[in-house]
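Remarks on the structure that follows.
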Amino acid sequence: MNIHWQSFSDFLAMGGYGLYVWGSFGVTALILALEPMLAVRRRNQLIARLKRQLRAETKSAGERRTPPTPNHPQ
Amino acid sequence: MIGMVGAITARDLRLAMRRQADIVSVLFFFIIVASLFPLGVGPEPDLLRKLAPGVLWVGALLATMLSLPRLFADDYRDGTLEQLVLAPQPLGLTVLGKVLAHWLVSGLPLALLAPVLGIQFDLAGDALLVLTVSLLIGTPALSGIGAIGAALTLGLRGGGVLVSLLVLPLYIPVLIFGAGAVDATVTGLGAEAHLSILGALAIAGVFFAPWATAAALRISLE
Amino acid sequence: MIGMVGAITARDLRLAMRRQADIVSVLFFFIIVASLFPLGVGPEPDLLRKLAPGVLWVGALLATMLSLPRLFADDYRDGTLEQLVLAPQPLGLTVLGKVLAHWLVSGLPLALLAPVLGIQFDLAGDALLVLTVSLLIGTPALSGIGAIGAALTLGLRGGGVLVSLLVLPLYIPVLIFGAGAVDATVTGLGAEAHLSILGALAIAGVFFAPWATAAALRISLE
Amino acid sequence: MLEASNLECQRGERRLFSRIGFRVDGGEMLFLQGRNGAGKTTLLRMICGLTHPVAGEIRWKGEPIGQLGDEFREELCYLGHLNAIKEELTPLENLLASAHLAGEALSEDDAIDALEAVGLAGREDLACKYLSQGQKRRVALSRLVHEKRALWVLDEPFVALDVAAVAWLAGLIGAHLQRGGMAVLTTHQAVDIPAGAVKELKLS
Amino acid sequence: MLEASNLECQRGERRLFSRIGFRVDGGEMLFLQGRNGAGKTTLLRMICGLTHPVAGEIRWKGEPIGQLGDEFREELCYLGHLNAIKEELTPLENLLASAHLAGEALSEDDAIDALEAVGLAGREDLACKYLSQGQKRRVALSRLVHEKRALWVLDEPFVALDVAAVAWLAGLIGAHLQRGGMAVLTTHQAVDIPAGAVKELKLS
Amino acid sequence: MNNRLINWFKYASPQSFYPLAGKLIPWFAAAAVVFGAAGLWLGLAVAPTDFQQGEGYRIIFVHVPASWMSMFIYLVMAFWAGLGLAYNTRLSGMMAQALAPTGALMAFLSLWTGALWGKPMWGTWWVWDARLTSELILLFLYIGFIALQASIDDPRRADKAGAVLALVGVVNIPIIYFSVKWWNTLHQGSSVSLTKSPSMAALMLWGMLLMALAFWMYSIAVALYRVRGIMLERERGSEWVKGVLQAEGTK
Ligand code: HEM
Ligand SMILES: Nc1ncnc2c1ncn2[C@@H]1O[C@H](COP(=O)(O)OP(=O)(O)OP(=O)(O)O)[C@@H](O)[C@H]1O
Ligand SMILES: Nc1ncnc2c1ncn2[C@@H]1O[C@H](COP(=O)(O)OP(=O)(O)OP(=O)(O)O)[C@@H](O)[C@H]1O
Ligand SMILES: [Mg+2]
Ligand SMILES: [Mg+2]
């Protein structure tokens with residue numbers, strides 16, 4: 001299994017197809033890197049939001065001891 | 001069974017006649033789109049003839065697509081749809097009836113009008129014929145497939161756009177083979193291959209799509 | 001006074017944001033129309049450049065026209081329109097507010113999107129600029145004039161088509177001067193004359209049309 | 001005949017009701033009560049199979065309605081908040097169309113009869129958009145006049161009706177029960193229905 | 001204050017009513033009666049200036065309402081068969097929007113208050129399309145809570161409301177009359193409005 | 001499907017799946033990196049020049065895996081969606097929802113790399129050829145699925161509506177796959193098949209297979225990661241989610 005290329009610039013040029021080959025590999029790499037990053041960010045935001053809700057819930061459950069004002073049609 | 005489908009179709013047709021707008025607006029839109037092109041492009045016949053299949057088919061497709069959101073929306077809003085779902089017969093047949101009515105007030109007039117508009121584009125007799133035939137075969141598929149999208153988006157925020165978004169990908173094959181058939185005739189090749197694929201799409205659209213639509217309707221009403 | 005107009009506009013904008021469909025569908029339609037043309041015509045840049053002004057302006061016009069029927073229809077159906085008519089302020093101003101909102105969710109996005117689509121047609125920088133400016137000036141006129149048609153046809157059988165039928169003749173001047181302005185730039189002539197006539201049309205559309213619309217609304221509600 | 005057990009309903013974050021059960025036999029009426037938003041409409045739609053419960057089961061003659069499908073629907077007549085009439089059509093056309101769509105054979109004479117019974121004589125040929133609120137409701141109700149199906153599910157049928165029409169409708173429901181029919185209904189008005197067996201169910 | 005004389009109304013071929021006249025002063029309520037289709041809604045819309053009578057005249061403080069225009073509308077609050085709410089908006093947004101459109105300054109706190117008074121606490125932020133029929137009606141009625149205008153024109157306001165809400169609304173109208181306000185209303189339900197002076201007008 | 005399997009689907013509760021998925025993710029991620037590195041080494045550094053296409057053929061190492069994944073993910077998504085529709089299982093809707101974005105990206109990559117390949121090979125970025133068109137339709141279907149679900153508030157209804165769309169769209173997959181056989185297209189036919197021996201050089205083949213494996217592992221890892229989030233969101237309010245949230249806090 002020998003390395004096929006003579007030099008690094010040779011490797012970059014891709015026999016004249018550099019633009020196309022690297023365009024493909026580059027965008028692929030970009031997307032495959034971005035997607036997990038976005039997924040992690042969304043998950044962190046989600047967990048923060050859910051925690052906030054949880055806290056608000058437990059707090060208001062403690063507060064809501066006062067009965068609702070009467071004379072409203074329920 | 002068939003009687004039921006007929007009853008639904010008859011009711012929808014009567015409503016369409018009462019409103020008229022439904023029929024006329026589809027045709028009107030088609031005419032506008034098809035007439036503005038020659039105005040914009042100028043009167044060179046060769047060029048026009050090259051444009052014709054695509055333009056006419058795209059016009060028919062857009063006109064059908066624009067009429068989709070209303071396919072079930074009125075029935076949904078006034079409670080008729082609930083009654084249709086509760087009727088003791090397969091919902092798929094009910095949908096088939098509505099699809100049929102939709103085609104009769106959109107696809108059929110479009111197909112009949114198309115050759116008239118085709119003359120503007122200097123199409124020859126055989127091309128006009130194939131244009132009409134391809135529309136006659138293709139538009140039922142458009143109505144059938146479109147019904148799925150209309151049912152899925154019923155009552156949703158997205159409304160009209162969402163229908164287009166869902167339906168457009170499934171319309172593309174119909175467009176390609178429909179316009180392809182006319183194109184093949186213009187360039188002197190046979191249109192049979194295109195037309196038979198179009199026929200297969202139409203059969204799928206008319207006989208299978210209603211069942212998917214029925215499932216979608218039940219979900220939308222939930 | 002101005003506060004009132006603002007309140008109406010704000011409410012309509014909030015509704016549009018909630019639905020989103022209104023904005024997106026106009027844009028989506030514009031994109032579809034503008035994108036299908038190059039596909040149909042083929043990629044010759046010279047030809048496309050010649051088509052561009054007409055195609056883009058026609059697309060914008062059609063997109064606006066399609067959104068007209070809904071301008072008052074929802075308010076009419078759910079009773080809000082009665083409340084608007086009964087509000088203690090000139091109905092014309094209320095209409096102005098609604099027209100403004102309509103423009104903000106249809107005309108403005110169209111104008112901003114147009115240069116992007118213009119690139120597809122290989123338009124040069126100055127032509128793109130004039131295209132945007134002409135749409136920015138012309139679309140308010142479309143919204144204003146369109147409102148009259150929408151109000152006159154409210155609740156009528158004709159519905160959508162009738163609007164198009166009433167409005168189209170009044171739209172044609174806007175189209176001619178709008179597309180003309182871009183065309184003049186492409187062919188190297190100045191666009192000022194066209195643009196100033198367009199401006200006059202816009203002023204008429206925005207400041208006089210609402211009063212006609214108000215009268216039409218009162219009649220439709222009777 | 002119609003039985004439900006242990007029904008539970010969830011809407012968004014909110015649990016509307018749970019552990020609801022009832023049984024309605026021939027000649028009986030189930031009167032659903034509860035304040036606005038208690039879930040009456042939701043429960044009625046569940047009975048029709050339009051919505052599905054989170055838990056529990058509804059049975060018709062011992063079988064779950066989901067499995068019966070059309071067999072159940074053939075014996076069901078549902079009338080909701082919405083009138084399900086087309087504004088563009090006349091009362092006569094509306095009635096005929098809805099009967100056909102429901103799979104019933106209604107002759108034109110019978111239809112004119114029904115419209116007369118419901119107090120719309122002379123308005124058969126006026127498009128429904130010109131009718132008053134109560135008249136529109138009457139068009140929707142005219143379906144019941146010749147309705148022979150066993151189970152009527154009526155969601156606030158008395159809304160918008162005037163006093164005479166309310167009494168007439170109450171009589172119609174009573175006659176249906178007399179014939180051995182069943183009815184499930186809700187209303188916020190105090191209406192006297194001449195029914196033998198009325199069961200009440202209160203959602204809260 | 002509000003007077004009408006010799007009103008006549010024609011719809012299509014049909015004369016709905018003629019020679020109708022009435023007078024409502026501060027603190028008084030006019031209760032419009034009549035069977036379905038008698039023309040109550042039509043008359044109420046005439047009072048608001050939405051429809052014009054074939055003959056006769058309606059005056060507000062002595063002047064024909066047609067000539068008063070905005071001056072009259074500033075003192076008028078109309079609530080029709082339709083709720084005039086947007087399904088996509090929340091109750092809070094609907095209330096604020098309708099107040100603004102009516103030219104009133106309603107603070108957000110007052111609005112939340114009003115929604116609570118009308119029994120929609122906890123639903124302020126749920127889009128109206130998810131609400132029950134009665135809850136939708138309550139959203140429309142919440143406008144009345146802080147309504148200070150002199151003349152209320154209410155077309156079957158009690159429809160779809162449960163018993164508690166009907167009593168509450170009756171009280172609200174009563175309080176309005178106590179303050180010297182006027183009301184014109186129709187309903188087919190038997191509702192006890194704690195009003196001093198009730199005038200009745202029967203259309204037939 | 002036998003009964004045990006149905007039961008498994010029915011009772012595979014989010015609650016028990018959540019920690020399992022959490023344990024699996026690192027392994028799939030690691031495998032994706034290892035296979036990817038090996039595949040890239042073979043494909044970019046070692047594999048010889050193609051005698052017809054020169055070095056341009058190397059795009060195959062991303063184009064083919066992305067294309068395969070775009071189709072395969074759709075099938076899996078439709079399978080889950082259909083399962084949810086038929087048996088009303090909770091987990092399946094979440095799986096379908098989690099797979100869609102990755103599938104859409106794969107379809108996009110297939111189109112993108114295909115277009116970049118088409119320019120040097122066919123002289124054009126795009127032709128309306130059967131395979132290319134049907135792959136574009138696949139991308140639209142993914143987008144439509146995502147948009148449809150996003151515009152429905154009630155997750156149960158969103159799952160069901162999405163499922164109908166996904167199942168309708170399944171017809172597109174065989175069309176993509178067999179389009180090169182059924183129609184006479186510009187796109188080349190399949191060169192890897194079970195029946196006939198591979199027509200490619202062994203090294204190229206290995207590179208491609210390794211890359212495909214890497215894409216597989218990547219997709220599984222991302223989908224599992226995403227489904228965990230969806231579980232938390234949908235089951236918020238349940239006790240187990242509260243437990244998870246508290247545990248997250250201590251980390
Ligand atoms: C946007 C354009 C393109 C799209 C959407 C596309 C799509 C696909 C798809 C879906 C597959 C997998 C199907 C299968 O394995 O049979 C595939 C495989 C393949 N594509 Fe493309 N392709 C595009 C352009 C190209 C171009 C320009 C070339 C080369 C000139 C090419 C060469 C291949 C090869 C060699 C395979 C592998 C077939 C096999 O070995 O099974 N593709 N492509
Ligand atoms: N997404 C949601 N989130 C929270 N609550 C909801 C949601 N969707 C519906 N609801 C609630 O579910 C209930 C539905 O009630 P339903 O329409 O069955 O009431 P009803 O008993 O028929 O009332 P009415 O007497 O007013 O007709 C309402 O209280 C509504 O607020
Ligand atoms: N074009 C027309 N031709 C004939 N009659 C008409 C026409 N338009 C309306 N009508 C009649 O006018 C009346 C309108 O009644 P309106 O809506 O005012 O009744 P209402 O007293 O409010 O009844 P409800 O109690 O049902 O609300 C109805 O009887 C209707 O049939
Ligand atoms: Mg209800
Ligand atoms: Mg009335």
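Below, chains carry the letters A, B, ... as their sequence lines are ordered, and counting in each starts from 1.
Side-chain atoms of F140(F) and I172(B), non-hydrogen and from C-beta on, do get closer than 4.5 Å to each other. Within the 4.5 Å cutoff, the side chain of L162(B) has heavy atoms near those of the S151(F) side chain. Using a 4.5 Å heavy-atom threshold, the side chains of L148(F) and L156(B) count as touching. Within the 4.5 Å cutoff, side-chain heavy atoms of P173(B) are placed close to those of I137(F).
Taking non-hydrogen atoms and a 4.5 Å limit, the residue list of residues 209-222 of chain B in contact with chain F, ordered by number, reads A212(B), A215(B), A216(B), I219(B), S220(B), E222(B).
When the candidates L166(B), L168(B), V167(B) are compared by the number of heavy-atom contacts under 4.5 Å with chain F, L166(B) comes out ahead.
Contact annotation for L152(B): both backbone and side-chain heavy atoms come within less than 4.5 Å of a heavy atom of chain F. Interface remark: L85(F) contributes side-chain atoms only to the contact with chain B (heavy atom separation under 4.5 Å). For chain F, the nearby part of F177(B) is the side chain; its heavy atoms alone come within less than 4.5 Å.
Residue F208(B) qualifies as open at atom CZ: its count of foreign heavy atoms under 6.0 Å is 12 or below.
Here CG of N172(F) is found 8.0 Å from CG of L170(B). Values are rounded to the nearest 0.5 Å.
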